[in-house]
Amino acid sequence: MIDGTAGVSGNRNADEALLDDAAALAERDPGGMLRHTASAGAQVRESAALAAEANLGVLADDGRPRAVVIAGIGTAGRTGDVLATVAGPRCPVPVIAHRSAGVPGWVGAADVVIAVSASGRSPEALGAAEAAHRRGARLVAVGAPDSQLQSVAERARAPFIPVPRRAPARASLWALTVPVLLAARSLGLVKVNEADLAETAARLDADADRSRPTAESFVNPAKSLALGLSGSIPIVWGSSPLATVAARRFGDTLSANARYPVVTGALGEAGRGRVGLLDGVFGGLVEGERDIFSDPDEDASDATRLRLVLLRDGGLNAEDDHDEPLAVEERRAEAVQTLAERRGVRCDVVTAEGGSALERLASLIAVPDFASIYLALAHGLDPMAVPAITEMKELSNQ
């Protein structure tokens, strides 16, 4: 056990045996991050019901907006990425995720601003809501009930969708995302029906069951992924825009929960430079020095190595008329896997499943979410308590 600064303690090396001890996992997870993450399916259902009570239909009274801005930071900001991806390239208006205070200078009465904050008090969401009200833009607010954000929405006579604060923001992605999607549906920008939501919730429930603490590592995809990433520098790439959103989400949770440095992005971007990491001092160079007859999982070398995680989408239906781009994405994914294999860099692949874009996204997010928590617990870290985040907020507020 290592004791660091700010009261942080943990183990430099992961305790693999711990992951198959359900009682020990519960003891090291006092805040219940595993339980909160397992509630993703329930979050979809509850948020859909709360959004149905928020009278979002009034958004359509003024017709289609010129643009939609989703304002928020962290997990709240990811909801804008999800909306833009689920809406797809055929969305009739620009969908912009905005992560700074206020709103872009061009926002006015022709636009819609969706302010999102799990706590209801983030400066980014509050500043955007206030600015939208001043400029006469249509406003929707999503956040904790009885919060500052709700007060701003009430002053602006704008729809407010309450999201009960039962978990940290990073474990509340689906509670925040569903209201954003349903607000966009009311504006005619995205096709998400009740069946899509039900299937997505069912997918999240099924993946939570597969990743449950009592399922042993050899049958638990999240534990297996966590063990593969242990002691490595993860690189997470998405094969498509949808998979890239999931890749960046995995980067968020690996950093916050497990405190691992991680490189994330799109395979298209990787092919313009970052794929060279496979040749570097943490990739092909160090792998080339390893005994080819050694067990890669039992290698005693202290060298830190890359571990590639490839999130593959594969696309939706042929009628979407994206056959050629999808073919390019699939060829690119195959090429990267081959490059990694040639250089001895281990590669994990998570493949999307489901009939709708939302369900496919959920299938790429659920298991990695659990993996980030198991990786934290294997190192003796409390995934809920991140002292550096708390201290940064305190210092910033001063």
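What you are looking at is a predicted structure, and each value in this text was computed from that prediction instead of being measured.
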>> As a quick check of understanding, evaluate side chain to side chain donor-acceptor pair (under 3.5 Å) for Asp313 and Ser239, giving each step before the final call.
In response: CA-CA 6 Å; Asp313 180 12; Ser239 69; 5.9 Å; no

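- The minimum heavy-atom distance between Leu149 and Ala125, with the atom names listed, is CD1-O, 4.1 Å.
- For CZ of Arg66, the number of neighbouring non-hydrogen atoms (other residues, nucleotides, ligands) closer than 6.0 Å is greater than 12.
- Taking 4.5 Å as the limit, every side-chain heavy atom of Glu269 sits out of range of all side-chain heavy atoms of Thr244.
- Of all the heavy atoms in Ile73 and Glu124, the pair that sits closest is CG2-OE1, 3.5 Å.
- Between the side chains of Gln43 and Ser47, no donor-acceptor pair of N or O atoms lies under 3.5 Å.
- The shortest side-chain heavy-atom distance between Val236 and Leu311 falls under the 4.5 Å cut-off.
- Put simply, CG on Leu25 and CE on Met33 are 14.0 Å apart, with the number rounded to the nearest 0.5 Å.
- Residue Asp21 holds its CG atom at 12.0 Å from OG1 of Thr214, rounded to the nearest 0.5 Å.
- Atom CZ of Arg212 sits in a crowded spot, with more than 12 heavy atoms from other residues, nucleotides or ligands closer than 6.0 Å.
- Between Asn220 and Phe370 the shortest side-chain heavy-atom distance does not fall below 4.5 Å.
- The nearest pair of heavy atoms linking Ala247 to Trp237 is CB-C, 4.1 Å.
- Side-chain atoms of Leu267 and Leu310, non-hydrogen and from C-beta on, do get closer than 4.5 Å to each other.
- With 3.5 Å as the limit, one finds no donor-acceptor pair spanning the side chains of Gln337 and Glu341.
- We find the CG-CZ distance between Asp81 and Arg249 to be 11.5 Å, quoted to the nearest 0.5 Å.
- Residues Phe250 and Val367 are not in side-chain contact: their nearest non-hydrogen atoms beyond the backbone lie 4.5 Å or more apart.
- Taking all atoms of both residues into account, the shortest heavy-atom contact from Ala184 to Leu83 is CB-CD1, 3.5 Å.
- Between Val386 and Arg259, the closest side-chain pair of non-hydrogen atoms falls below 4.5 Å.
- The CZ atom of Phe218 sits 13.0 Å away from atom CG of Leu227, with the distance rounded to the nearest 0.5 Å.
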> Checking salt bridge (Lys or Arg N to Asp or Glu O under 4.0 Å) for the pair Glu330/Arg312: CA distance, chi angles, key distance, verdict?
Replying inline: CA-CA 8 Å; Glu330 288 298 290; Arg312 297 187 63 166; 2.8 Å; yes

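- Of the inter-residue distances, the one linking Arg185 atom CZ with Leu197 atom CG reads 7.0 Å to the nearest 0.5 angstrom.
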